[in-house]
Amino acid sequence: MTPVKIAPSILAADFARLAEAVDMVNRSEAAMLHIDVMDGLFVPNITIGFPVIASLAKISAKPMDVHMMVTDPGRFVSQVRDAGADIMNVHVEACTHLHRVVQSIRTAGMRAAVTLNPATPVCMLEEIISDVDMVLVMSVNPGFGGQKFITSTIDKIKRLKALMDQSGASPLIEVDGGVNLTTAPDLVRAGADVLVAGSYVFNAPDPLQAIVNLANTKAS
């Protein structure tokens, strides 16, 4: 069985010790580093900006998945690229011209990912699924860490897999929100390839072992 990919979310780390957090991720079995950018408009919180992302890029040995929880993220493609992102992740709900944004991300040399909020149906991806490298399914409402997992996410992932099979597309399926050893088996069984984990990793007594445990999750 291929281990599921783990993307620790820096949002859950101690912001006074970000360099130590990134060093831990570098030494871990994580596949990528997940970075949440929030603007206080699209979601009710504000996190970090491009100077901090650029600083993290200097020390991160893992690909950086930058999740743009902002209004009109297409405005920031060049800034996200210049900050060192490998993947730019934009919300379907925030893009009036999603296809144009996805193409701009790819033209800039990054992998393109799109995100679905919990209330956004999978059918919103029908016209774009073949153009993206990854789909992020939010299993909590975006804006805050540590929320309770929304159980209907499991069926949503199954519907996403069906759409992929129908279209012949093969983006990675990423899940963010409430990921832990209780929810991970069902997510893997449903078809998740990448698990974003914040609180579960950074609040663990041994974050390195927590990442190993998630990476070796078997479908329930």
Side-chain angles (χ1 to χ4, degrees), residues 4-5 7 9 11 34 36-45 65-77 87-106 110-180 182-198 217 219-220:
V4 65
K5 300 177 188 295
S9 175
L11 179 65
H34 190 83
D36 290 315
V37 177
M38 305 181 191
D39 64 357
L41 294 173
F42 182 69
V43 294
N45 206 347
D65 171 24
V66 177
H67 180 190
M68 298 292 288
M69 302 185 199
V70 304
T71 56
D72 193 13
R75 297 174 293 160
F76 302 114
V77 172
I87 304 166
M88 182 171 175
N89 213 320
V90 299
H91 275 256
V92 170
E93 307 85 5
C95 298
T96 303
H97 303 288
L98 181 59
H99 185 271
R100 180 184 299 163
V101 174
V102 166
Q103 293 305 310
S104 295
I105 293 169
R106 286 188 148 181
M110 296 178 287
R111 283 176 280 169
V114 295
T115 304
L116 294 176
N117 274 340
T120 303
V122 168
C123 64
M124 294 295 290
L125 297 176
E126 287 181 1
E127 306 301 330
I128 198 72
I129 191 71
S130 297
D131 297 306
V132 299
D133 300 289
M134 186 163 68
V135 175
L136 170 55
V137 178
M138 292 300 300
S139 46
V140 299
N141 286 291
F144 297 95
Q147 296 183 63
K148 184 178 180 181
F149 180 81
I150 297 173
T151 56
S152 60
T153 303
I154 303 300
D155 286 336
K156 190 171 188 176
I157 294 171
K158 293 176 182 178
R159 292 194 297 274
L160 176 56
K161 286 288 288 185
L163 174 62
M164 289 166 54
D165 291 343
Q166 179 182 353
S167 63
S170 56
L172 294 174
I173 297 177
E174 184 177 36
V175 183
D176 184 2
V179 171
N180 52 45
T182 300
T183 57
D186 286 336
L187 292 169
V188 172
R189 176 173 53 82
D193 304 295
V194 183
L195 301 179
V196 176
T217 296
S220 62

### Message
I'd like to check V137 versus L160 (side-chain heavy atoms, cut-off strictly below 4.5 Å). Are they in contact?
### Response
yes

### Query
Any side-chain heavy atom of V114 sitting closer than 4.5 Å to one from V102?
yes

### Summary
One should read off an interatomic distance between K156 NZ and T120 OG1, to the nearest 0.5 angstrom, of 5.5 Å

### Query
How far does NE2 of H67 sit from CG of D65, to the nearest 0.5 angstrom?
8.0 Å

### Query
Any side-chain heavy atom of V4 sitting closer than 4.5 Å to one from D193?
no

### From M134 atom CE to I173 atom CD1, the distance as rounded to the nearest 0.5 Å
11.0 Å

### Query
For the atom pair CG (D176) and NE2 (H34), what is the distance rounded to the nearest 0.5 Å?
4.5 Å

### Query
Checking S139 side chain against G177 main chain: does a donor-acceptor pair fall under 3.5 Å?
yes

### Task
For residues V90 and T115, determine if any side-chain heavy atom of one lies less than 4.5 Å from a side-chain heavy atom of the other.
no

### Note, M68 side chain near M88 side chain (heavy atom, < 4.5 Å)
yes

### Query
Is there a donor-acceptor contact under 3.5 Å from the side chain of D39 to the main chain of F42?
yes

#### Entry: Exam field: side chain E93 to backbone N117, donor-acceptor pair closer than 3.5 Å
yes

### Query
About how many Å separate CD of E174 and CE of M138, when rounded to the nearest 0.5 Å?
9.5 Å

### Message
I'd like to know if the side chain of T183 and the backbone of G178 have a donor-acceptor N/O pair within less than 3.5 Å.
### Response
yes

### Message
I'd like to check the side-chain hydrogen bond (donor to acceptor under 3.5 Å, both in side chains) partners of R100; sequence neighbours left out, ordered by chain and number.
### Response
none

### Task
Using salt bridge (Lys or Arg N to Asp or Glu O under 4.0 Å) as the criterion, list what pairs up with R106, not counting sequence neighbours.
D133

### Message
A side-chain contact here means heavy atoms from C-beta on lying under 4.5 Å apart; do S152 and P118 qualify?
### Response
no

### Residue pair N141 / I150, side-chain heavy-atom distance below 4.5 Å
yes

### Summary
Rounding to 0.5 Å, atoms CD (Q103) and CG (L98) come to a distance of 10.0 Å

